Each structure stands twice: as structure tokens, then as C-alpha cells.
Amino acid sequence: MPQMSDAVVTRFAPSPTGYLHIGGARTALFNWLYARGRGGKFLLRIEDTDRARSTPEAEKALLQGLSWLGLDFDDEVVSQFARADRHREVALQLLAEGKAYKCFSTQDEIQAFRDAAKAEGKSTLFQSPWRDADPATHPDAPYAVRLKSASEGETIIKDEVQGEVRIKNATLDDMILLRSDGSPVYMLAVVVDDHDMGVTHVIRGDDHLNNAARQMGIYTAMGWALPVYAHIPLIFGADGKKMSKRHGATGAHEYQHLGYPAAGMRNYLARLGWSHGDDEFFTDAQAKEWFDLDGIGKAPARFDFKKLDNICGQHIAASEDDVLVDELLEFMGATGLPALSDEQKNTVKQAMFCLKERAKTFPDLLDKGQFAIATRPIVPDEKSAKALDTVSRGMLTALTPHLQNASWVREDLEKILGDFAEARETKFGKLAGPLRAALAGRAATPSVFDMMLVLGREETLARLTEAAETN
RNA sequence: GCUCCGUUCGUCUAUCGGUUAGGACGCCAGGUUUUCAACCUGGAAAGACGAGUUCGAUUCUCGUACGGAGUACCA
């Protein structure tokens, strides 16, 4: 009997400093899948406390990226910056309870200490002399508020992905909660926000694994229940190095512009570093049902465009025609391609059955379906123009009457063209080239019969006649 | 430097002490064919290295190598 307290709450908490990175998109996806598969909530928090680097444009890009990927979140977007007073309040409470203290060491002093320690090859861990100082000795100067964390024993992070990670408390410093200007620090903000938002599962990149030990100190000082942690490995480029521009697309929006279907992206990204037995291709419903933290691998995975292509191709092939047309139009709008006329849309939809089996992306779909979008006159490209020599044009002229009264079904068309070829003592293959050139202006197209069926008798004959007449 | 994490075919992964180490992408060969695809059949391809525990290690422990993260009054 699930209770209110059992409800899963996950969150995605990006900084608005750029576009939605593909790695971040995967982190968001994992959180989304985990919550959605358990009837929980998936929240979005914008970590905009760094005013210098945060921009409204970046926040918008983040939202757009998530929206494209279909990762819908619950409740309002939370701005971390807007909650600074609450963060401060917690720090002050800790200070009042003696779980934090005022540190008057200046940044210069600390830096000097660290430099010296480094030069001597000793630990650069700063231990504030003010930790146990008598308040009577406090100077009248700016101070930072530091958490009085345990200096002995060890902190054990029970991580769903990494297992039990033990970190000696002696290697952790007394982290700063409030800067000397009174502003709360990120580490504090994260903990307070996660707690206040009721986050039960923190699924994030493993670059935060070490931070978890520090953050746990705040939870315990406040007497708050710890969330379940799952630190997932980052994704790398094909060469095993951190994803960067030279690996190709790093932003989620770039994949949209490359024409990958969102469902395929979700499938590929979910499968990257996570597995459910041998399942490779799955629907959102299956992913939500299957996704679990213990299926996440510990090693960073490399991004593989070939496999992305393959998975996306399967998703396109498995999609309904009208859904595909809608997505295709959306893609064209997003990339600034000219809009299609209603007639073109309709023809593309009619053609979808023979296009979707062979396309991996929307541009691919558009390319393969070019014959359905093209309008007369069909201008053959260089390659197909060669198939329209005098002899071929003569052939097309001779063929046209045979199609005039044909019943427009595949079986009959096959027979007519087959017989026609036979009568001319040639093979259908010889006929296919010119037909392709006439119908599509291309050398590589879907099946000649499929094109004829999609185009219909009138349009087919018009294109054939035109091609036969052209010089 | 110190702390922490990781390492199975080229890539993503399965395996939860005993397997001919399985699947998928990619690749190669063959088939189908009307071009390009798609599709079908088959094939090559892996436990980083070294110790230890054990009747038996890919699996458990330790070390080495390599890779990564953290070590801020950044987020």
C-alpha cells in the first residue's frame, strides 16, 4: 500500500549557461523514466545562482530541448536563485544551533596556506582556526559561515549505481555555507532545494559523487532524511574522451536539427549505459516499466552515431504514417525548411509506407520521398539525366499508351511493365532507370511501382510524357 | 600530490563462481533484388595486466597500468 511518503520524486537541475547538453539530456531522461515508471513526480530546477553565467536565453534553450525530447516535468520550474533567502535561513539556523561557525579567515590567508602546503607537498586541506574559537575573540570583520563537519570516522554514500562509497571525514574540509557577502553557496542550495522539493531520488552525473559526501553533512546537521543517490557515469565521444564539439553534436537541439526522431533519441540514450537484458529496441511504455537504477552500468559509455542511426531507423519504421508526417513537418519548421502545400503533405503521407522502411532520420525521409514533394517539371539530376537518352525517351513514349487504361494496382502495373519489357526484348531493369529519371529525376528512388502508385495515373503519365518530350 | 570511481568483441552491453562467454550496432561473405536502401543466411571479433582466495575465476580480494571525477567564499 503505497503511501504519500513512498511517492518517488526526481529532478533535473541544470545550470542555464548554455544549451541542453546531450549528457544532461540523458540525465534528465533517467530521472524522467524513473519517476514516470513509478507514478512519481519529475521536477525541474534551474540552478541559476551564478548570475554572471546564467542567461534567460540558456534557460529557454534548456526548456526547448526538454520539450523536444518529450521530457515533461511536473509543477512549476524552480529558480534556485529566487530561493536564496531560504538557503540563508538554513545556514543561520545551523549557526544558531552551533552546527556551523563563523570563519574570519580571509581568502588571501587561505590561499597563502594552500600555496605553502602545496610547496611542502603536504595536504592542502584547510582547517579553519575559528572552528572552536571563543565568540569573545571574534573580530568585527566579514566572515563566512562554515559547516562544522565531523573530522573523524567516515561518510558512507550508499549509491544505487556506485555501491557503498566510503570517504574519510578527515579528507573533507568544513565547507562554506554562506560566503562573506552573505550569499549562499551552491552546495547548500542544492541540499535545501532537494529537501524542500521533496526529492526522494537524486540521479545525477558521477562528477557529483564526491560532492555527495559533503552534502550529506548538511542533511545530517539539519536532521533531514537522505535521498537515495544514484550517480551515473558521463557519456564520452567515440574516442573515449569527454564529449566536445569535435565529436559532432553535443547539444540536444543539434540532434533535432539533424533530424533524429525524439522517440529514437530516448531509446538510444536510455540504452547508453543502461540495459534491460538483451532488449535494444523499446517503446516509451516499456522503458518506463523496465527502467531501474540497478541496470545502470558504472563505466562511462561512448556515443555511437551508427547505433543511433539504426535505432532511429527502427523507430521511424515502426511509427504510424500520420504521426510521422506530423513529426516531419515539425522538423521542417524547426530547421527552416519551406512549408509543404496541402497537396504535397498528402502525397508524402501516401508515400510514407514505402519511405519509412528505409529512412533513419527526417532528412533521410525527405530525400527518399523527394519524388512525392517534387512538382513538374521534374528536372533530372546529372546521374539520372544519363538514363534519359533518345532511346529511353522513345521507350517512355511507347510505354505511355499501355498505362492509359491500366487499373492502378501494383499487380497490374508489374505485369504491364514486365510485358512491355519482354516485347522489346529487354529486361525490366533497363526500363527502371528511365522511369526513375522521369518520375523522380533521381537515380536512387523507392520502387518504381510504389512511386507510380503514390503519384497516381494522371501525375505518372504527365511526368512520363514530359520526360519523353524533353530534349 | 591526495581522495574517489571505472576497465567483457571496434562500440553499447548480458553474465550476478562452473556458459562452446550471449545479444545488438558496425564490419566481412553469400542470398534476394529494379536503383538506393531494407530484408534473409553465415562469419570474424572480448574478459587490461599480475598475484591471491577457491576443486573451479570474467565474476571475490589485493597490486600495477590506463582512463575519469573531485580536491574553490564555481556551479
Side-chain angles (χ1 to χ4, degrees), chain A residues 13-15 17 47-50 52-54 80 103 105-107 110-111 114 117-118 121-126 142-146 157 159 161-163 165-168 170-173 175-183 185-187 189-190 205-214 231 233-234 236 238 240-242 268 271-281 294-295 297-311 313 317 354-355 357-360 364 367-368 383-384 387 417 427-433 435-437 440 442-449:
Chain A
S15 306
T17 54
E47 310 218 312
D48 51 359
T49 55
D50 186 337
R53 288 198 292 161
S54 301
Q80 188 159 67
C103 172
S105 297
T106 65
Q107 291 181 62
I110 297 170
Q111 193 51 51
R114 276 203 261 262
K118 200 165 190 177
K122 290 199 285 197
S123 167
T124 56
L125 191 80
F126 179 72
Y143 58 86
V145 175
R146 305 186 94 112
I157 307 167
D159 194 279
V161 173
Q162 309 290 341
V165 178
R166 294 158 181 275
I167 296 182
K168 290 184 188 63
T171 65
L172 265 25
D173 63 356
M175 59 179 287
I176 285 184
L177 264 19
L178 250 36
R179 299 188 186 89
S180 44
D181 66 359
S183 63
V185 105
Y186 163 78
M187 291 280 202
V190 169
D206 68 2
D207 48 335
H208 283 97
L209 182 58
N210 288 277
N211 287 342
R214 301 180 132 71
H231 288 92
L234 274 10
F236 288 163
K241 295 274 164 47
K242 209 167 163 181
Y268 176 72
R271 189 62 187 66
L272 191 62
W274 169 79
S275 64
H276 180 264
D278 284 338
D279 296 305
E280 301 282 349
F281 173 81
D294 59 19
K298 292 187 183 182
R302 301 180 187 205
F303 199 94
D304 182 1
F305 281 90
K306 287 277 178 54
K307 188 143 187 175
L308 206 216
D309 283 348
N310 178 275
I311 292 288
C354 67
L355 304 178
E357 301 282 333
R358 46 183 74 202
K360 299 178 192 311
D364 214 7
D367 183 61
K368 301 243 167 29
K383 245 187 182 170
S384 68
L417 293 193
K427 284 199 225 162
F428 171 68
K430 287 280 179 196
L431 211 53
L435 281 170
R436 259 185 262 286
R442 299 276 190 95
T445 72
S447 152
V448 167
F449 301 109

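Lettering of chains follows the sequences in order, A, B, ..., and the numbering in each one begins at 1. Computed from a prediction, not measured in an experiment: that's the story for all the values here.
E280(A) contributes a side-chain N or O that forms a donor-acceptor pair with the base of G23(B) under 3.5 Å. Interface remark: the K307(A) side chain does form a donor-acceptor pair with the A24(B) base, using a distance-only criterion of under 3.5 Å. A donor-acceptor contact under 3.5 Å is not formed by the side chain of R442(A) with the base of U35(B).
For L308(A) and C12(B), the CG to P distance is 14 Å, given to the nearest whole Å. Counting to the nearest Å, the P atom of C12(B) and the CG atom of D279(A) are 19 Å from each other. Rounding to whole angstrom units, CD of residue Q107(A) and P of C73(B) are separated by 7 Å. Here the C1' atom of nucleotide U3(B) and the CG atom of N211(A) are 13 Å apart, to the nearest Å. Look at NZ on K298(A): it is 19 Å from P on U58(B), rounded to the nearest Å. The interatomic distance linking F303(A) (CZ) with U11(B) (P) rounds to 16 Å, in whole Å.
Set against C5(B), U34(B), G22(B), the side chain of V165(A) has C5(B) as its closest nucleotide. Ranking A69(B), A75(B), G23(B) by closeness to the N210(A) side chain, first place goes to A69(B). Counting only heavy atoms from C-beta on, R53(A) has its side chain closest to A75(B) among C25(B), C4(B), A75(B).
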*asked:* What verdict does the salt bridge (Lys or Arg N to Asp or Glu O under 4.0 Å) test give for R214(A) and D173(A), after you've listed the backbone C-alpha separation in whole Å, the side-chain angles of each residue and the deciding distance to 0.1 Å?
replied: CA-CA 9 Å; R214(A) 301 180 132 71; D173(A) 63 356; 2.9 Å; yes
_Test salt bridge (Lys or Arg N to Asp or Glu O under 4.0 Å) applied to D207(A) and K242(A), step by step_ = CA-CA 12 Å; D207(A) 48 335; K242(A) 209 167 163 181; over 6 Å; no
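Checked against the 6.0 Å centroid threshold, Y268(A) and F281(A) do not count as a close aromatic pair.
Figure legend. U54(B) is base-paired to no nucleotide; pairs are counted as Watson-Crick or G-U wobble with both atom distances under 3.5 Å. C28(B): Watson-Crick or G-U partner is G42(B), with both key distances under 3.5 Å. U35(B) is unpaired under the Watson-Crick or G-U wobble criterion, no partner having all donor-acceptor distances under 3.5 Å. With a cut-off of 3.5 Å on both Watson-Crick or G-U wobble distances, the partner of A72(B) is given as none.
Using a 4.0 Å heavy-atom criterion, one finds that G273(A) contacts the sugar-phosphate atoms exclusively. Across all strands, K360(A) comes closer than 4.0 Å only to sugar-phosphate atoms, never to a base (heavy-atom distances).
G63(B) and U11(B) have their C1' atoms separated by 30 Å, with the value rounded to a whole Å.
Note on R214(A): every side-chain N or O is 4.0 Å or more away from OP1 and OP2 of A72(B).
Among N211(A), I176(A), L177(A), the one residue that satisfies the side chain to side chain contact (heavy atoms under 4.5 Å, CB included) test with M187(A) is N211(A).
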